[in-house]
Amino acid sequence: MSKSQLLEPALRWSGALRRKASANAQFEQWLGEAATCAVTPAVIDAWFTELTGAGTGSPLPLPEVRRTLRQLRERVFYTLMVRDINGAAPLAEVVGAMTALADLAIAQAYQCIALELAGTYGIPTDPGSGLPQEMLIVGMGKLGGNELNVSSDIDLIMLYGEEGETAGRRKISHHEFYAKLTQRMMPVLSDADEHGQVFRTDLRLRPDGDSGPLAWSLDALENYLVSQGREWERYAWLKGRVIACQAFAGSDPAPQLAQLDALQTPFVYRKYFDFDALAALRALRERIRQDWQRRALAQNGIETTHNIKLGDGGIREIEFVVQLTQLIRGGRMPSLRRRGLIAALHRQKEAGIITPDDAAQLEAAYVFLRRIEHLLQYREDQQTHLLPSDPALRALLADAMRMPADQFEATLAAHRTFVAQLFRNAFRMAGVGEDDQNNGKPATPDCANLEQHIYEQLGTQAHTLNDRAQSLLDSHRIRNLPHTSRRRVEALLPNAISAAAKTAYPEQTATRLFDLIEHIAQRSAYLALLAEYPETLARVARMVDASPWASQYLSQYPLLLDSLIEWRSLLASPDFGQLAHQLHDDLDACVLPNGQPDVEQQMNLMRDIQRQVSFQLLAQDLEGVLSVEKLADQLSALADMLLAETIFRAWPLVQPKGSATTDLPSPKFAVIAYGKLGGKEIGYASDLDLVFIYDDTRDDAIEIYARLGRRITSWLSTMTSSGRLYEIDLRLRPDGDAGLLAVPLEAFTQYQLNHAWAWEHQALTRARYAVGDARVGERFEAVRREVLLLKRDPQALKEEVRTMRLKISAGHPNHTDQFDLKHDRGGMVDVEFVTQYLVLCHAAEHPALLDNLGNITLLRLASEAGLIDAGTATGAANAYRLFRKMQHALRLQGAEKARIAPDRLKAERQVVLRLWETVIGD
């Protein structure tokens, strides 16, 4: 394509380019060459150097900075125009180049003015370190998101670290210095002269807007965000990005950057769904809806549907859909914390929050509308978002979009209709229900009539509950709440009574709801949740009615209340592949400002995920969706997933100091699950019995894998602010507590073959490779089979089993007349010991018994092999299944021990005793 052919489409569309080309033939010639190559940050730097004869790091006089930046902006703007209209520049190139230009311009203006002021007043220094203290310039909006448009304002917030005084002869406070710096920087960027302007600048997003100081200290910013920060400011700070600027040699802004990150992240992203904020976010959406109408009316009634940014189905609505989900979910899902809209949208798709089809359509609409936005601005180099109303101009716009006019109009209408629909459903998509949650909500009785309401709902049970309600309201915890929170408690109590009245056991349910409300009262967001989502309160009532253990679990981890909003998702089977992928991405996103992993945040996040999935399974359990066996399988899969991720996170942390953690070889290490996890029979609060083995010949293997074992154990069992992940028991490793924490595979093999006790071989029947290096796992499974196939003296083995059974009984004495489902004779332990004996004694002749298939399946296989009577095997298997089900039910009811009345399940106990006598004898 010739230069004239390259420029022709842009010249046909843009009056600004036609005037520029006709006034400057040399520039037109230059543009024809430049537009053949992508506009990258490196190209922009090279153009700057060419225009100044100096690099971007060299200080320049103010007049030269002003002139050069404006000339550079012309080059970038017109080159992007030609490339964009020719279809050569994707959106990422256009917005990336404009952002790079803005970053360079801000850095140059800052350096020039800061050095000029330092020459007069001295350099501001950090009182703590004595080093020069730079100003932190935060780019907001599209500048912060690296997605600036071609004729955009730039939103800036100016910050600095510590207060103090400059070090020159004419000392002034840091506050004055940075205010002067800000004030003098703005004209360098935004004043128009014969060379045009660089960027219009806007400082109104700073705290207190136009009435506040031009530059804020980080301490003042913290006080403002904590005491006055509003929801629209959270929305704005989501994209906040510090622009790299340095004026003073020897400065180190890292401490200030860390301090800012420690303020910004928790302000924008809340660990708990902030239901206090929902009303404000809904109001923000309405403000977005209405803002463009007001602006349009102020512009002489221009038809509002022509505004592609602020109108229905416009760019602003796309931004709200994506950013609302980030605000609501980003606290728990760090991988969603992306400043750029398309990157954020991709993460939401990968996390399963938005469907692939919706994500693809939304991205296509965004790219299409942004391209139109740029074309409108290319036309006269003006910041406009209004589609032309003249049909001829609309046709010309379609031509510039490289589309027939009718296709352009149809595509535009389809995109805007789709976006408008998603915008209306934004809160549902974000997982916090519909917009009309309060519609049809029953009126809350006045708390002054609470006693009457209790009597009306619960009748004879009311006296005790009324006393409990009054003691709750008079408690120290409630009386010291802020006024708004206390009013919410008062409003919730009648609703709690109404919800409890619809359950099977209203009095105990109401009492448990009162306990929960008292426990969460100091977290106003959860009071707001139960007030705003009455159906959630009803679901809580049903759960605490079904299980006091569930009630205690909710009180201990109230963040789980959020899950009850998405009831259909809560009742869906967990997708552990998707969960593992999402967890991995979220943990990768947990980083400190210096780029190192934030281990504390990672550990807390893993605990939160474990609670959320366990609660999901609990909800399904109480709804009768899961059998006890399926529940145990799911909880075991969850534990395996968390163990695998723990190895991945711990391995880099145990490398010798100074070693590179990039491209580390994978650990030749495996976690072997014993006991309940080995048999995939764990419950909600089970310990994990683990053994760590490795197969690595490196010289420091003993030390490094011991460190890995300690780190894994600590990662899993340390109590953090989110609780403990699992209690870990490592005593089943060779030599127990006296043995190595991580055992070489060869040593494990020799121990099992030559030194292990019979009870250790019993335990091995329920062991399995869980996670880690698959090759090490395969070798362990081979060793396990070899050990289980050893020839054994049946009588000697029976004696060993009887002895161990007596020890188990002695360790769990039952001084009541009740039957202990697990430990008493005729209970679960008898079934487990018989099964283990059958495997150890007969696997050599019947290899089907080798696989870790669970006691019920192994009893069936043993009967099929003729080792036990089929009726006895079936009866014992059914008894074991029933014992497990009843044990589980008792624990959900809060029972510390799984014991029942002595006259229950006599037939089942007898068949288990018959199995014992048949196989083991007296």
Side-chain angles (χ1 to χ4, degrees), residues 627-633 636 674-676 678-681 758-759 761-768 781 784-805 808-809 819-888 898 904-922:
S627 66
V628 173
E629 292 83 1
K630 182 65 173 176
L631 172 65
D633 285 345
S636 299
Y674 275 72
K676 288 184 177 179
K680 297 185 178 181
E681 294 181 353
W759 67 264
H761 287 176
Q762 284 183 249
L764 195 63
T765 65
R766 301 187 72 192
R768 65 180 175 88
E781 293 292 349
R784 175 181 176 276
R785 292 177 69 88
E786 182 181 358
V787 172
L788 298 185
L789 289 170
L790 291 173
K791 292 289 185 181
R792 293 177 174 86
D793 180 341
Q795 292 304 316
L797 181 59
K798 286 181 182 179
E799 189 61 36
E800 294 274 9
V801 171
R802 291 191 199 103
T803 301
M804 182 53 60
R805 183 67 181 91
I808 294 292
S809 296
F819 173 61
D820 189 306
L821 290 163
K822 183 172 179 64
H823 297 107
D824 281 356
R825 296 309 306 268
M828 294 168 67
V829 170
D830 280 356
V831 177
E832 292 165 358
F833 272 42
V834 167
T835 306
Q836 291 162 11
Y837 169 82
L838 290 170
V839 172
L840 292 175
C841 197
H842 298 289
E845 300 85 25
H846 305 284
L849 297 174
L850 284 171
D851 293 332
N852 186 354
L853 300 173
N855 295 296
I856 293 172
T857 300
L858 289 171
L859 285 173
R860 176 179 59 80
L861 292 174
S863 71
E864 291 173 356
L867 301 176
I868 50 177
D869 174 71
T872 301
T874 301
N878 290 337
Y880 186 76
R881 182 183 290 110
L882 183 57
F883 291 163
R884 282 187 64 190
K885 185 176 180 179
M886 292 192 69
Q887 179 191 51
H888 179 67
R904 298 183 64 190
L905 302 184
K906 284 188 174 181
E908 287 78 9
R909 293 157 61 184
Q910 286 301 317
V911 75
V912 171
L913 288 172
R914 186 163 64 251
L915 173 71
W916 178 274
E917 291 166 3
T918 301
V919 177
I920 307 296
D922 294 336

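These figures come from a predicted structure and were not determined experimentally.
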inquiry  = To check you understand the geometry: which heavy-atom pair defines the closest contact between Val787 and Arg792, and what is its length?
reply    = O-NH2, 2.8 Å
ask   = OH/Tyr837 to OG1/Thr765 distance, rounded to the nearest 0.5 angstrom?
value = 14.0 Å
key: Test log, rule side-chain contact (heavy atoms from CB on, under 4.5 Å), inputs Phe883 and Lys822   = CA-CA 8 Å; Phe883 291 163; Lys822 183 172 179 64; over 6 Å; no
query = Which heavy-atom pair separates Ala763 from Tyr674 by the least distance, and what is that distance?
reply = O-CD2, 3.6 Å
key: Leu850 backbone acceptor or donor facing Arg784 side chain under 3.5 Å   = yes
4.5 Å side-chain heavy-atom contact, Thr857 and Arg860 = yes
ask   = Could Lys885 and Glu629 be called an ion pair, given the rule that one side-chain N must be under 4.0 Å from one carboxylate O?
value = no
query = With distance as the sole test, does Thr874 use its side chain to make a donor-acceptor pair with the main-chain N or O of Gly871 at under 3.5 Å?
reply = no
request  = First locate atom CG of Leu840, then atom CG of Leu790, and finally report the distance between them rounded to the nearest 0.5 Å.
outcome  = 9.5 Å
query = Taking 4.0 angstrom as the limit, do Arg785 and Glu781 come out as a salt bridge?
reply = no
Residues in ring-ring contact (aromatic ring centres under 6.0 Å, His included) contact with His823, at least two apart in sequence or another chain = His812
task = Starting at CZ of Arg805, measure out to CG of Asp830 and round the result to the nearest 0.5 Å.
result = 4.5 Å
Close side-chain approach of Leu867 and Leu849, heavy atoms under 4.5 Å = yes
ask   = Is any side-chain heavy atom of Leu858 closer than 4.5 Å to a side-chain heavy atom of Val839?
value = yes
request  = First locate atom CG of Leu882, then atom CD of Gln887, and finally report the distance between them rounded to the nearest 0.5 Å.
outcome  = 11.5 Å
query = Which heavy atom of Leu859 sits nearest a heavy atom of Ala873, and at what distance?
reply = O-CB, 3.7 Å
task = List the steps and the verdict of side-chain contact (heavy atoms from CB on, under 4.5 Å) for Val912 and Glu908.
result = CA-CA 6 Å; Val912 171; Glu908 287 78 9; 5.8 Å; no
ask   = With sequence neighbours left out, what residues match His888 under ring-ring contact (aromatic ring centres under 6.0 Å, His included)?
value = Tyr684
message = Met886 vs Leu905, test: side-chain contact (heavy atoms from CB on, under 4.5 Å). Steps then yes/no.
response = CA-CA 11 Å; Met886 292 192 69; Leu905 302 184; 3.2 Å; yes
note = Between Leu915 and Ala876 the two heavy atoms that sit nearest each other are CD2-CB, 3.6 Å
request  = Could you check if a side-chain atom of Trp759 sits within less than 4.5 angstrom of a side-chain atom of Ile808, using non-hydrogen atoms only?
outcome  = no
query = Do you know which two heavy atoms are closest between Ala862 and Leu838, and how far apart they sit?
reply = CB-CD1, 3.9 Å
message = I'd like to know if the side chain of Trp916 and the backbone of Gly921 have a donor-acceptor N/O pair within less than 3.5 Å.
response = yes
ask   = Considering all heavy atoms of both residues, which atom of Ala632 and which atom of Glu681 are nearest to each other, and what is their separation?
value = CB-CA, 3.6 Å
query = Can you tell if the side chain of Phe833 reaches within under 4.5 Å of the side chain of Arg802, non-hydrogen atoms only?
reply = no
task = Quick one: pull up CZ in Arg766 and CG in Asn855 and give me the separation to the nearest 0.5 Å.
result = 5.5 Å
inquiry  = Is the shortest side-chain heavy-atom distance between Val801 and Gln836 below 4.5 Å?
reply    = no
inquiry  = For Arg768, give me all partners under salt bridge (Lys or Arg N to Asp or Glu O under 4.0 Å), at least two apart in sequence or on another chain.
reply    = Asp640
query = Just how far is it from atom NE2 of His842 to atom CG of Leu861, taken to the nearest 0.5 Å?
reply = 13.5 Å
query = Can Glu917 and Arg914 be counted as an ion pair, charged N to O under 4.0 angstrom?
reply = no
